[in-house]
Amino acid sequence: MEKRLVFWYYFGNVNPKLLKPYNPKATEARVYELWEKSGYFDPDKLPARHKDPFSIVLPPPNVTGTLHMGHAAMLAIEDIVIRFERMRGKRALWLPGTDSAALATQAKVEDILYKKEKKTRHDIGREALLGRIEEFTKESEATIVNQVKRMGSSLDWGRYSYTMDETRNRAVNEAFKRMYEGGLIYRGARIVNWDPKLQTNVSDIEIEWKEETAPFYYLTYGPFTIGTARPETKFGDKYVVMHPDDERYKKYKHGDTLEVEWVNGPVTATIVKDKVVDMAFGTGVMTITPWHDQTDFDIAARHNLDKEQIIDQKGMLMPIAGEFAGVHWKKARPAIVEKLRAKGLVEKVDEKYAHRVATNSRGGGLLEPQVMLQWFVDVNKEFKLPHSELDGFEKGDTVTLKRLMQGVVESGQIEIIPDRFKKTYFHWIKDLRDWCISRQIWYGHQIPVWYRSTGAHDRLNGTPSDSRGVETHVGIERPEGEGWEQDPDTLDTWFSSGLWTFSTLGWPDKTKDLETFHPTDVLETGYDILFFWVARMVLMSTYLLGQIPFKKVYLHGLVRDGKGRKMSKSLGNIIDPLDMIEKYGADATRLSLIIGTAPGNDLKLSEDRVRGYKHFANKLWNVARFVLSNTEHGGFEKAKFAKEDAARMEEFEALKKEVTAHLDKYEFYLAGDNLYHYLWHTFADKVIEESKEALKGGNAAQKRSKQKLLHLLLEDQLKLLHPFIPFVTEELWSMLPHKKQSLLMIEPWPI
RNA sequence: GGACGCUUAGCUCAGUUGGUAGAGCAACUCGUUUACACCGAGUGGGUCGCAGGUUCAAGUCCUGCAGCGUCCACCA
């Protein structure tokens with residue numbers, strides 16, 4: 001109480017809020033509302049000085065998710081860029097949205113359905129499930145949107161998009177249609193990564209390989225010994241493959257046949273010579289299972305061999321397995337090995353064979369390769385570029401999607417930060433295979449293709465094995481006439497994500513937004529989705545628009561816990577950004593994710609870090625209290641600087657330049673670090689300390705010089721710090737004795 | 001098997017074009033005489049992973065090695 005009175009005595013008319021430590025909780029919501037009401041998040045409502053457009057599209061968080069530290073880092077970085085550019089006089093647009101995350105969302109709703117009602121999606125049907133999902137996403141949407149706001153994100157909510165809304169749906173259908181008509185989307189029976197658990201296939205990059213130790217069996221196959229880790233797939237093996245140059249098997253000629261005794265009796269084996277066989281591995285001989293293995297499938301394709309399905313889509317063995325038919329392969333394996341052993345066909349078993357198995361990284365189980373009729377984007381097919389604003393490509397040039405993806409990064413039209421990821425990007429594209437875009441889940445953009453039977457056509461596991469006898473129509477609307485059925489499959493969620501920079505701006509309509517804000521200036525995202533997303537955006541945009549989707553790609557690292565581990569529920573090491581905001585404020589949370597983090601490097605975050613930056617926000621608060629209490633009566637505006645004060649101004653000019661240069665180069669960590677140290681160790685420790693004597697009285701000219709210095713330095717520091725810590729700076733700005741009523745967020749950048 | 005990254009104070013990391021080793025947190029000592037104890041002044045603590053090389057000068061550039069991590073790859 002006594003202390004309070006002393007404060008009052010010394011600080012006269014200074015805002016009473018300043019007399020207590022900075023309180024983020026009492027400030028942030030109010031300030032955010034002020035910003036939203038101002039309308040300045042919308043580039044169309046910015047004052048006239050804001051001319052050149054600048055745009056970032058927010059990587060859409062999962063609509064059913066909650067904010068995690070990865071999001072928080074992304075929001076902090078993007079908001080820094082946007083606020084910086086806005087203050088610099090750009091018409092800055094940061095466009096928000098959420099993603100349906102089709103597979104994850106459907107799995108979540110199915111899980112709830114099963115837990116609550118013991119029902120599966122097949123029990124309630126497609127329509128009902130979609131209804132439930134829509135309900136669920138609607139409920140969740142507000143949560144994630146509010147959490148994004150709490151970080152202080154200056155997003156233009158009036159332009160909010162959802163990947164499954166009407167406009168985006170139209171864009172997806174249009175993109176599919178154009179790519180189909182351009183010959184870049186095709187349907188084909190190919191080997192895909194089937195997830196028996198989720199009953200859908202996933203694309204190659206969604207595979208997560210896991211190390212596993214399993215027995216490896218050496219089996220007698222006629223005169224040969226073959227090795228396998230999967231004896232349950234071997235029933236149909238009737239091709240035995242070896243390298244053409246292998247001396248050991250010189251006497252066997254390509255195409256020779258021989259009778260061998262096999263699991264369920266004798267089979268006729270055919271010799272195949274193929275260079276893909278590694279002579280040094282095992283015995284240099286293998287039998288193949290084209291239906292369930294990519295390598296084997298390729299061999300079979302090269303030599304035009306039969307392919308037979310051994311395992312069905314639920315993981316059960318097919319009739320070809322004889323007595324084992326209808327049994328799950330996992331259960332059947334020991335029995336099959338036992339039978340082989342009884343027949344004397346097991347030569348030896350290596351119990352500790354280390355190999356990798358494919359699992360679905362999207363929460364599924366073991367993947368079983370299957371041959372299925374699916375939709376693909378052809379990345380190697382040559383076509384004539386329909387339009388081009390791309391460096392090094394002219395309209396009408398013969399190109400492939402792959403070459404487009406490579407070209408725009410090679411030419412430097414798209415810059416990747418940090419630079420080293422260029423290599424990763426090129427390396428991935430070099431061996432890129434066609435992108436399988438159809439999924440057998442229900443939630444998502446249903447493929448805009450219609451089929452009608454024109455007579456007999458064979459079916460393969462419930463899906464037509466080829467398009468013979470089937471009439472196909474590509475389009476959004478059901479075509480005229482009887483018997484048309486839409487393809488039940490949906491598109492890979494990354495297909496719609498690939499359109500994100502322009503679907504959010506209204507494409508395929510020729511909107512003003514699209515014209516103004518595309519290509520966007522920078523795409524900021526985690527390096528873990530460079531292939532999933534960044535590369536696909538380049539593919540879509542270059543083909544459909546003839547434009548790059550963004551000029552720069554800034555890749556941030558993954559946020560890990562204090563020990564460098566991935567944050568996960570099971571480890572219980574999650575640091576929740578909302579907890580941090582609650583305890584230390586959004587500004588502190590932002591700084592903790594910026595300072596000391598170079599692009600592309602993982603960040604180890606601990607609560608101590610966040611607490612440290614809360615102290616910084618408070619330091620600024622106290623500095624402002626001192627400056628305001630000593631300058632509140634004005635009268636120093638026209639003062640001449642004393643020599644040492646002029647030197648301080650020069651020193652500060654250098655800082656401004658340095659900070660601006662760092663921001664220009666996307667070195668946020670360095671810009672933030674410079675500002676942090678200047679405020680604390682130069683402004684507070686030196687400038688303020690040195691001013692105390694003069695402020696006490698004595699020489700009036702000296703005093704006014706100090707007052708002017710303190711005033712100017714504080715004001716400009718608030719501006720420079722605003723992109724980093726917008727809440728506390730905006731709050732302090734409102735306490736400055738201004739003539740004009742304006743928000744700090746649109747003050748001109750002081751350089 | 002290939003590629004990339006990391007290795008600097010107890011912990012987390014900066015160190016931008018090579019020029020006498022830095023910050024935050026933690027620890028310890030002292031300080032509450034009026035911006036701030038969410039503070040100030042100070043102390044301790046590093047042969048910059050290892051071994052070579054280039055240079056007047058290397059944490060920084062080059063070569064090799066090791067450990068850790070990540071990504072990619074059709075070894076049955």
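Below, chains carry the letters A, B, ... as their sequence lines are ordered, and counting in each starts from 1.
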Over all strands shown, is A:A280 touching base, sugar-phosphate only, or nothing at heavy-atom distances under 4.0 angstrom?
nothing
Watson-Crick or G-U counterpart of B:rG5, or none if no pair lies under 3.5 Å
B:rC68
Is any N or O donor-acceptor pair between the side chain of A:E667 and the base of B:rA14 shorter than 3.5 Å?
no
With a 4.0 Å cut-off on heavy atoms, is A:Y584 in touch with a base, just the backbone sugar-phosphate, or nothing at all?
nothing
Across every strand shown, the nucleotide meeting Watson-Crick or G-U wobble geometry with B:rA76 (both distances under 3.5 Å) is none
Using a cut-off of 4.0 Å on non-hydrogen atoms, how would the nucleic acid contact of A:Y613 be classed: base, sugar-phosphate, or nothing?
nothing
At 4.0 Å (heavy atoms only), tell me whether A:K692 reaches a base, stays on the sugar-phosphate, or touches nothing.
base
Side-chain heavy atoms of A:L591 within contact of A:Y584, under 4.5 Å
no
Under 4.0 Å between any heavy atoms, over every strand shown, what does A:R230 touch: base, sugar-phosphate, or nothing? Just pick one.
nothing
Can you figure out which of B:rC74, B:rA76, B:rG24 approaches the side chain of A:T295 most closely?
B:rC74
Shortest non-hydrogen contact from A:F235 toward A:W262:
O-CD1, 3.8 Å
Please tell me if A:Y353 has a side-chain N or O lying less than 4.0 Å from either OP1 or OP2 of B:rA76.
yes
Between A:W428 and B:rA3, is there a contact of a side-chain N or O with OP1 or OP2 at under 4.0 Å?
no
Could you please name the option among B:rC38, B:rC72, B:rG40 that lies closest to any side-chain atom of A:D685?
B:rG40
According to a strict under-4.0 Å criterion, is A:K604 in side-chain N/O contact with OP1 or OP2 of B:rC13?
yes
For the side chain of A:I688, counting heavy atoms from C-beta on, which of B:rC25, B:rA35, B:rA76 is nearest?
B:rA35
Counting the atoms with a prime plus P, OP1 and OP2 as sugar-phosphate, which does A:H681 contact under 4.0 Å by heavy atoms, base, sugar-phosphate, or nothing?
sugar-phosphate
Should A:V285 and A:T225 count as side-chain neighbours, where that means a heavy-atom distance under 4.5 Å?
no
Once you apply a heavy-atom cut-off of 4.0 Å, does A:K423 come out as touching a base, just sugar-phosphate, or nothing?
sugar-phosphate
For A:R190 and A:F297, the nearest pair of non-hydrogen atoms, with its separation, is CA-CZ, 4.1 Å
Would you mind classifying the nucleic acid contact of A:I595 as base, sugar-phosphate or nothing, using non-hydrogen atoms under 4.0 angstrom?
nothing
Does any nucleotide pair with B:rC36 by Watson-Crick or G-U wobble geometry, both distances under 3.5 Å, and what is it?
none
Taking pairing as Watson-Crick or G-U wobble with both contacts under 3.5 Å, can you name the mate of B:rU47, or confirm there isn't one?
none
Could you identify the nucleotide paired to B:rG42, looking across every strand shown and requiring Watson-Crick or G-U wobble geometry with both distances under 3.5 Å?
B:rC28
Under 3.5 Å on both distances, the Watson-Crick or G-U partner of B:rG52
B:rC62
Is A:K583 close enough to B:rC38 that one of its side-chain N or O atoms is under 4.0 Å from OP1 or OP2 there?
no
Only pairs with both distances under 3.5 Å count, Watson-Crick or wobble alike; so what is the partner of B:rG18 in this structure?
none
Students often get this wrong, so: under 4.0 angstrom with heavy atoms, is A:R433 touching a base, only sugar-phosphate, or nothing?
sugar-phosphate
Just checking A:N601: base, sugar-phosphate only, or nothing, at a heavy-atom cut-off of under 4.0 Å?
sugar-phosphate
Under 4.0 Å between any heavy atoms, over every strand shown, what does A:V277 touch: base, sugar-phosphate, or nothing? Just pick one.
base
Close aromatic pair by centroid cut-off 6.0 Å: A:Y252 and A:F224:
yes
Name the nucleic acid region contacted by A:D298, choosing base, sugar-phosphate or nothing; use a 4.0 angstrom heavy-atom cut-off, strictly under.
nothing
Sorted by position of nearest nucleotide on RNA chain B, 5' first, the leading residue of A:K696 and A:Q294 is A:K696
Sugar-phosphate, base or nothing in reach of A:V276, heavy atoms under 4.0 Å:
base
Using a 4.0 Å heavy-atom cut-off across all strands, classify A:W209 as base, sugar-phosphate, or nothing.
nothing
Expressed as a whole number of angstroms, how long is the span from A:E607:CD to B:rG24:C1'?
16 Å
